[in-house]
Undergrad: 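Dropping a structure here in structure tokens format, bear with me for questions.
Chain letters run A, B, ... following the sequence lines, proteins first, then strands; residues in each count from 1.
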Amino acid sequence: MIGSFTNIFIPMSFLWWMGFQMRALFIHADYLEYEAKKKTKLADDISDDKKKGRIEEALVTYISFEEIDEGKEEASAKLLAENVMEIAEKVETKNTVLYPYAHLSSSLGKPASGKEILEKTAEILEEKGYTVLSSPFGWYKSFKISCKGHPLSELSREIVAGEDEGGDGEEVSEALKSEEKAVSSWFVLGLDGELTSLELKKNKVKGYDFGDHKRLKQFVQYEMAKSRTAGKEPPHVDIMKRLELVDYEPASDPGNFRYYPKGRMMKSLLETYVNQEVKRTGGMEIETPIMYDFEHPSLKSYLHRFPARQYSIQTPDKRVFLRFAACFGQFLMMHDATVSYKHLPMRLYEMSHYSFRAEQRGELTGLRRLRTFTMPDCHSFCADIEMAKLEMQDRFQLSWDVLNGIGFQVPNELEFAIRVTKEFYDENSEFLAGLVKKWGKPALVEMWDKRFFYFIFKYEWNFVDSQGKASALNTDQLDVENAERYDINYVGMDGEKHHPYILHQSPSGAIERVMYALLENIHLKQMTGEKPKFPHWLAPTQVRFLPVHDDVLENCKELAGKLNARADVDDRDQSIGKKIRDAEKDWIDFIIVYGEKEQESGKLSVRRRDGVQEELTIEELASKLAELQRGMPMTSLPLPMLLSKRISFRG
RNA sequence: GCCGCUGUGGCUAAGGGGUAUAGCGAUUCAUUGGUAAUGAAUAGGUCGUGGGUUCAAUUCCCAUCAGCGGCUCCA
């Protein structure tokens with residue numbers, strides 16, 4: 001038989017059990033086409049019109065019959081039919097195909113027995129109102145199948161008729177061995193260190209009185225029940241396009257964006273700021289490659305745990321994957337380093353520009369979830385758990401400062417989530433309660449009965465948007481696995497080599513996601529009647545001069561150049577009313593109308609974003625601007641100073 | 001990846017089997033303006049892309065790309 005699979009994806013977890021039963025592979029297909037090519041010795045005699053077949057939208061069952069099925073044809077047929085019907089119902093189809101596929105078997109049963117089961121199964125299915133296409137038995141056939149690929153579209157089962165009554169058994173065993181998953185339980189950890197258990201009843205979170213902590217409630221609801229408000233286009237997508245910050249790039253892969261000058265400037269300032277803060281607190285900045293060899297021994301075992309989520313590309317010589325985090329480069333670097341306990345704790349840092357994750361198509365939305373993103377990634381290497389805990393507290397403060405500096409009200413505008421193994425919680429409950437106390441609001445705790453990732457504890461601060469969707473910004477994870485995997489060692493006081501504990505931190509979360517959260521946060525405030533406004537240090541234009549007529553244009557240019565701020569000049573041939581309207585639509589902090597009056601008095605007429613209009617000298621304005629800038633990174637205007645010289649990037 | 005919805009000048013949209021309409025923007029001219037839209041004229045569209053049905057497709061059908069919503073996922 002010549003098989004040609006098109007558009008089919010077999011999951012990595014696809015495992016056959018080594019049993020001796022009827023074996024079935026179910027595929028929910030857009031269509032199946034087959035053609036009988038050549039007889040085998042066992043072939044049915046069939047008319048020419050049965051040699052070819054095609055069916056649209058059907059559940060295709062590839063089936064082999066094993067020795068053990070012999071003598072239990074009736075029961076086997078019944079069981080097979082039940083399995084087919086059960087799955088057909090789930091995928092909502094009435095079309096089925098029975099496709100004898102001997103290759104599934106390691107101990108094929110006798111053909112007569114198989115044929116009998118097939119015929120009887122078809123009878124049962126037809127009785128129940130299903131359409132059945134039986135592909136011919138005993139022929140070499142070619143086929144084409146288009147697999148739908150939704151979660152239920154591919155299932156394999158082995159089906160064995162009960163042994164006792166010679167055939168009437170009901171046993172159905174799953175061949176798709178489900179991945180061993182840890183069981184999560186959920187709690188709220190209060191300021192008093194008390195753990196309150198949560199449960200889900202009718203999809204509502206019960207067990208804790210959230211009181212004023214509405215956003216925590218929303219967050220917990222999202223985490224436990226995945227519920228959210230009725231969805232529209234996310235507000236930040238409209239903002240990022242309208243203000244010409246960021247846009248989709250249809251010519252790339254989904255989740256890869258273009259950044260216009262203003263968006264690139266904001267992103268660059270955020271990167272500079274996070275770099276500055278991590279370096280200020282002892283992170284050593286490095287750079288590592290973005291692509292890695294699939295066959296490298298340390299990477300291989302790691303990748304094996306998370307198949308098919310990465311971009312892979314062909315170099316002239318080998319296949320490589322694009323990094324999905326900066327861990328690889330840093331660990332490989334540390335593998336080669338010589339480290340003593342006296343050096344610990346130590347921090348390695350990289351602004352991973354970029355990291356790549358081939359996220360599922362439907363999960364990508366605007367700047368919230370991308371396939372290509374910029375992630376500050378800071379690893380601390382610690383000698384023992386106690387050191388790791390102290391280090392985490394330190395980094396907790398770092399994240400606090402970073403997110404606060406960026407423009408979030410920490411902790412008011414974020415929600416704290418702790419994810420931890422039961423064992424770590426029990427041994428370190430005071431430490432965790434201490435973090436919550438420092439946070440100042442109750443936190444969500446997800447507790448696992450056993451470890452199933454490389455970490456035993458991690459926390460995140462989550463932003464909850466106007467649609468009730470939560471996204472983690474910063475995170476810190478306590479890794480107990482990778483030092484061994486990458487053979488990272490330090491020499492202890494005892495002169496022996498030891499594996500350090502590794503902390504993985506992103507002090508701000510992905511920069512793109514920070515932009516998402518900033519824009520969504522502005523939208524949230526706007527809904528309460530506030531005027532939308534960037535944090536001053538991130539505003540593309542901080543000050544705009546509006547010359548009343550051309551005679552004062554030169555003065556405006558001079559003044560704008562003098563200010564240590566991003567100041568531009570609206571020199572377009574427009575009315576003052578129009579220029580003000582446009583400046584307001586650009587969310588500009590300080591709008592200055594400049595004419596004869598100002599020229600003569602030396603005082604500027606400044607219209608602030610909050611609506612207040614005041615008279616200031618250029619010096620007074622300069623000192624106000626300096627104060628707002630607060631030691632945050634500064635950069636020049638991303639666009640020409642004169643508005644008449646600016647192109648429009650998207651109408 | 002699955003299901004559903006959307007795709008019309010640079011932007012935002014209306015329309016609908018007989019090659020399309022408005023506002024904004026752009027261009028030109030006039031206007032030299034005082035705190036959220038100065039006026040007039042002009043140009044600009046193979047209706048996302050590729051097939052099919054039809055005398056005729058932007059409109060109907062199929063496929064495909066992109067976006068959104070939901071599911072799933074989130075090392």
Undergrad: Can you name the residues that form a ring pair (Phe, Tyr, Trp, His ring centres under 6.0 Å) with His504(A), not counting sequence neighbours?
TA: Phe331(A), His379(A), Tyr454(A)

Undergrad: Over how many whole Å does the gap from Glu233(A) atom CD to G4(B) atom P extend?
TA: 22 Å

Undergrad: Under 4.0 Å, counting only non-hydrogen atoms across every strand here, what does Gly611(A) touch: a base, just sugar-phosphate, or nothing?
TA: nothing

Undergrad: Base, sugar-phosphate alone, or nothing: which one does Arg242(A) contact when heavy atoms must sit under 4.0 Å apart?
TA: nothing

Undergrad: Starting from C1' on A75(B), measure out to CZ on Arg369(A) and report it in whole angstrom.
TA: 11 Å

Undergrad: State, with a plain yes or no, whether a side-chain heavy atom of Ile488(A) is found less than 4.5 Å away from one of Pro500(A).
TA: yes

Undergrad: About how many Å separate CD of Glu223(A) and CG of Leu198(A), when rounded to the nearest 0.5 Å?
TA: 11.5 Å

Undergrad: Keeping to residues at least two apart or across chains, list the salt bridge (charged side-chain N to carboxylate O under 4.0 Å, His left out) pairs with something in residues 456-470 of chain A.
TA: Arg419(A)-Glu460(A), Lys458(A)-Glu460(A)

Undergrad: In terms of the nearest nucleotide of RNA chain B, which residue is placed more toward the 5' end: Glu359(A) or Ala225(A)?
TA: Ala225(A)

Undergrad: Restricting to ring pair (Phe, Tyr, Trp, His ring centres under 6.0 Å), what partner residues turn up for Phe381(A), sequence neighbours left out?
TA: none

Undergrad: Quantified in whole Å, what is the C1' atom distance between nucleotide A43(B) and nucleotide G10(B)?
TA: 13 Å

Undergrad: Which listed nucleotide (A75(B), C68(B), C74(B)) is nearest to the side chain of Pro234(A)?
TA: C68(B)

Undergrad: Return the 5'-most residue of the pair Gly255(A), Gln477(A) with respect to RNA chain B, ranking by each residue's nearest nucleotide.
TA: Gly255(A)

Undergrad: Hey, is the side chain of Arg357(A) pairing donor to acceptor with the base of C73(B) inside 3.5 Å?
TA: no

Undergrad: Please measure how far the C1' atom in U58(B) lies from the corresponding atom in G52(B), and state the result in whole Å.
TA: 16 Å

Undergrad: Write down the distance between CG (Leu364(A)) and P (C74(B)), rounded to a whole number of angstrom.
TA: 14 Å

Undergrad: Scan Thr365(A) against the nucleic acid and name what it touches under 4.0 Å (heavy atoms): base, sugar-phosphate only, or nothing.
TA: sugar-phosphate

Undergrad: If the C1' atom of G17(B) is compared with that of C60(B), how far apart are they to the nearest Å?
TA: 8 Å

Undergrad: Do the rings of Phe294(A) and Phe321(A) sit parallel, tilted or perpendicular, given the 30° and 60° boundaries?
TA: tilted

Undergrad: Rounding to an integer number of Å, can you tell me how far His236(A) NE2 sits from C68(B) P?
TA: 8 Å

Undergrad: Restricting to pairs with a member in residues 589-603 of chain A, which pass salt bridge (charged side-chain N to carboxylate O under 4.0 Å, His left out), not counting sequence neighbours?
TA: Lys533(A)-Asp589(A)

Undergrad: What residues form a side chain to side chain contact (heavy atoms under 4.5 Å, CB included) with Leu524(A), not counting sequence neighbours?
TA: Arg215(A), Phe463(A), Ser466(A), Asn521(A), Met527(A)

Undergrad: Could you tell me how far apart Glu363(A) (CD) and C74(B) (P) are, to the nearest whole angstrom?
TA: 10 Å

Undergrad: State which residues pass ring pair (Phe, Tyr, Trp, His ring centres under 6.0 Å) with His236(A); sequence neighbours excluded, sorted by chain then number.
TA: Tyr516(A)

Undergrad: Report the secondary structure of RNA chain B in dot-bracket form, marking unpaired bases with a dot and bases paired to a different strand with |, and treating Watson-Crick or G-U pairs with both distances under 3.5 Å as paired.
TA: (((((((..((((....[..)))).(((((.......))))).....(((((..]....))))))))))))....

Undergrad: Over how many whole Å does the gap from Tyr454(A) atom OH to C74(B) atom P extend?
TA: 13 Å

Undergrad: For Phe649(A), which contact category applies under a 4.0 Å heavy-atom criterion: base, sugar-phosphate, or nothing?
TA: nothing

Undergrad: Measuring only the P atom in each nucleotide, how far is U21(B) from C68(B)? A whole number of Å is fine.
TA: 32 Å

Undergrad: What string of B, S and - do you get for nucleotides 25-36 of chain B, 5' to 3', if B is base contact, S is sugar-phosphate-only contact and - is no contact with any protein heavy atom under 4.0 Å?
TA: S----BBBBBBB

Undergrad: U32(B) and G39(B): how far apart are their C1' atoms, nearest whole angstrom?
TA: 15 Å

Undergrad: Using atom C1' in both nucleotides, what's the gap between C3(B) and U8(B) to the nearest angstrom?
TA: 26 Å

Undergrad: So, do Glu614(A) and Lys624(A) sit near enough that their side-chain heavy atoms are less than 4.5 Å apart?
TA: yes

Undergrad: Can you measure Leu59(A) atom CG to C2(B) atom P for me and round it to whole angstrom units?
TA: 17 Å

Undergrad: Using ring pair (Phe, Tyr, Trp, His ring centres under 6.0 Å) as the criterion, list what pairs up with Tyr425(A), not counting sequence neighbours.
TA: none

Undergrad: Once you round it to whole Å, what is the distance between C1' of G70(B) and OH of Tyr222(A)?
TA: 12 Å

Undergrad: If you measure from the P atom in U19(B) to the same atom in A30(B), how many Å do you get, rounded?
TA: 40 Å

Undergrad: What interatomic distance, in whole Å, is found between C1' of A13(B) and the corresponding atom of G25(B)?
TA: 14 Å

